[in-house]
Peer 1: 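I am attaching a structure below and will ask some questions about it afterwards.
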2 protein chains.
Amino acid sequence: MPAAKTTAKLAASQAVEDYLERILELINTKGYARVVDIAQSLKISQASVTNMVQRLDGEGLLHYEKYRGLVLTTAGEALARNITRRHQLLTDFLKLLGLDDEVIYHDVEGMEHHISPPTLRAIEILTRQLERQPALLAKVCKQTHEN
Amino acid sequence: MPAAKTTAKLAASQAVEDYLERILELINTKGYARVVDIAQSLKISQASVTNMVQRLDGEGLLHYEKYRGLVLTTAGEALARNITRRHQLLTDFLKLLGLDDEVIYHDVEGMEHHISPPTLRAIEILTRQLERQPALLAKVCKQTHEN
DNA sequence: TGCGGAAGTTAGGTTGGGCTAACTTTATTT
DNA sequence: AAATAAAGTTAGCCCAACCTAACTTCCGCA
């Protein structure tokens with residue numbers, strides 16, 4: 001069999017994607033991800049985080065040791081990077097349209113879980129093309145803020 | 001108090017939006033929305049539909065009479081039209097990018113619940129502008145399907 | 001007109017993902 | 001090193017939305 005398939009993935013829930021995204025972000029910014037930080041970042045209770053972290057360990061997305069912390073597995077980090085990329089590309093695209101940061105953050109947080117690779121790719125390419133069309137973008141921004 | 005607020009809205013869940021959207025669609029295409037049709041359309045059981053329909057009646061989004069059918073209220077129809085519009089505009093936008101119908105349908109079904117009015121507006125305006133840029137669009141489509 | 005099948009409903013169960021309260025473990029501070 | 005504070009965990013709960021099984025109502029037709 002040529003071209004082995006190494007990525008399993010198999011559909012992570014919205015919640016799982018949110019957790020992984022935040023965990024990766026915490027690790028990138030402070031070097032580690034504590035339960036208390038994840039809870040604060042997602043605005044949920046520590047108890048809920050402990051629960052989910054145990055589940056994610058069971059699913060092989062991170063290694064978790066009671067009271068000692070956690071690290072992402074290769075699979076977990078792959079998923080986290082993937083959702084982070086979706087977040088970034090969507091944010092870039094909406095920024096181009098001159099939308100408010102609050103609005104962008106809110107909408108992206110919802111939409112990022114529902115965008116498939118082909119759509120993401122098309123938006124990425126469109127974004128790159130639009131970046132070279134300042135006149136067109138200016139028109140869109142202006143019209144958007146009219147009225 | 002000037003400028004009375006007539007629209008309440010108050011955040012409908014994803015599920016509620018999906019139900020209303022399908023109900024409106026059924027009414028528009030066959031003139032009525034039976035439990036069995038809604039169930040089939042959403043791929044869930046009739047029992048679940050009955051449950052939700054009772055809830056939506058309680059929330060004033062439709063009038064429901066046991067065994068006799070249902071009609072959308074003004075509020076329900078407003079919500080349904082709103083979500084339908086989001087669906088349509090997102091679909092139009094993605095079609096412009098040359099994406100496959102299956103992909104579009106799937107992604108829109110997820111994203112439509114998470115797009116705010118400002119973002120929707122910006123995308124609508126962008127879509128209209130892009131429609132007059134066939135060369136740009138061709139480039140995006142081509143690059144999207146490369147590789 | 002009454003009966004069988006389709007449609008609709010009810011009751012009760014499951015699952016995911018949240019919560020609080022109470023407890024344990026770890027870390028800090030004196 | 002003991003006390004206290006902070007972090008983490010457990011147990012038990014709740015709610016939205018789904019499900020199946022069993023029952024009821026409705027309707028077309030012999």
Side-chain angles (χ1 to χ4, degrees), chain A residues 9-23 26-27 29-72 76 79-80 83 109-110 112-114, chain B residues 9-23 26-27 29-72 76 79-80 83 109-110 112-114:
Chain A
K9 212 187 292 189
L10 285 144
S13 75
Q14 203 159 320
V16 166
E17 289 189 340
D18 279 334
Y19 274 92
L20 292 175
E21 185 177 12
R22 299 310 177 98
I23 289 170
L26 285 168
I27 288 175
T29 57
K30 26 193 323 187
Y32 51 85
R34 287 180 311 170
V35 168
V36 68
D37 297 324
I38 301 168
Q40 224 169 295
S41 169
L42 291 172
K43 289 178 180 132
I44 60 184
S45 72
Q46 289 182 216
S48 298
V49 173
T50 296
N51 246 340
M52 179 60 93
V53 159
Q54 288 170 350
R55 183 182 134 191
L56 295 179
D57 179 289
E59 289 178 14
L61 296 172
L62 52 79
H63 289 310
Y64 157 74
E65 228 176 322
K66 249 191 207 179
Y67 299 109
R68 307 263 97 207
L70 58 91
V71 285
L72 292 173
L79 245 172
I83 179 69
E109 207 56 50
E112 61 183 1
H113 305 292
H114 303 280
Chain B
K9 212 189 289 192
L10 284 144
S13 77
Q14 203 159 321
V16 166
E17 290 189 339
D18 279 334
Y19 275 92
L20 292 176
E21 185 177 11
R22 299 309 178 99
I23 288 170
L26 284 169
I27 289 175
T29 58
K30 25 193 326 186
Y32 50 87
R34 286 180 311 170
V35 168
V36 68
D37 297 324
I38 301 168
Q40 223 169 295
S41 170
L42 291 171
K43 290 177 181 133
I44 60 184
S45 72
Q46 288 182 218
S48 298
V49 173
T50 296
N51 247 339
M52 178 60 93
V53 159
Q54 288 170 351
R55 184 181 134 194
L56 294 179
D57 178 289
E59 290 178 14
L61 296 171
L62 51 79
H63 289 310
Y64 158 73
E65 228 175 322
K66 251 193 207 177
Y67 300 109
R68 309 260 96 210
L70 58 92
V71 285
L72 292 173
L79 244 172
I83 179 69
E109 207 56 50
E112 62 183 358
H113 305 291
H114 302 280

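We use all heavy atoms of the structure for the numbers below, so side chains are in, but hydrogens, waters and symmetry mates are not. Chain letters run A, B, ... following the sequence lines, proteins first, then strands; residues in each count from 1.
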Peer 1: Quick one, A/Val16 and A/Met52 - any side-chain contact, counting heavy atoms below 4.5 Å?
Peer 2: yes
Peer 1: To the nearest angstrom, how far is B/Glu65 atom CD from D/dC26 atom P?
Peer 2: 11 Å
Peer 1: I need the B/Tyr32 OH to B/Leu70 CG distance, nearest 0.5 Å.
Peer 2: 12.5 Å
Peer 1: Are A/Leu61 and A/Leu79 side-chain neighbours, meaning at least one heavy-atom pair lies under 4.5 Å?
Peer 2: yes
Peer 1: C/dA7 C1' sits how many Å from B/Lys30 NZ, rounded?
Peer 2: 12 Å
Peer 1: Does A/Arg68 place a side-chain N or O at less than 4.0 Å from the phosphate oxygens OP1/OP2 of D/dT9?
Peer 2: no
Peer 1: Taking only heavy atoms on the protein side, list every residue of residues 46-54 of chain B lying under 4.0 Å from any atom of DNA chain C, sorted numerically.
Peer 2: B/Gln46, B/Ala47, B/Thr50, B/Gln54
Peer 1: Tell me yes or no: between the side chains of A/His113 and A/Gln14, is some donor less than 3.5 Å from an acceptor?
Peer 2: no
Peer 1: For residues 34-45 of chain A, which residues have at least one heavy atom under 4.0 Å from DNA chain D?
Peer 2: A/Arg34, A/Val35, A/Val36
Peer 1: Take the protein atom CG of A/Leu56 and the nucleotide atom P of D/dT9, then report the distance between them rounded to whole Å.
Peer 2: 13 Å
Peer 1: State the CG-CZ distance between B/Leu26 and B/Arg22, to the nearest 0.5 angstrom.
Peer 2: 8.5 Å
Peer 1: Just how far is it from atom OG of B/Ser48 to atom OH of B/Tyr19, taken to the nearest 0.5 Å?
Peer 2: 5.5 Å
Peer 1: Can you see if the side chain of A/Lys66 gets near the phosphate of C/dT24 - specifically, an N or O under 4.0 Å from OP1 or OP2?
Peer 2: no
Peer 1: Between C/dA6 and B/Tyr67, is there an OP1 or OP2 to side-chain N/O distance shorter than 4.0 Å?
Peer 2: no
Peer 1: Give, for atom CD of B/Gln40 and atom CD1 of B/Ile38, the distance between the pair rounded to the nearest 0.5 Å.
Peer 2: 11.5 Å
Peer 1: For the CG atom of A/Leu72 and the NE2 atom of A/His63, what is their distance to the nearest 0.5 Å?
Peer 2: 10.0 Å
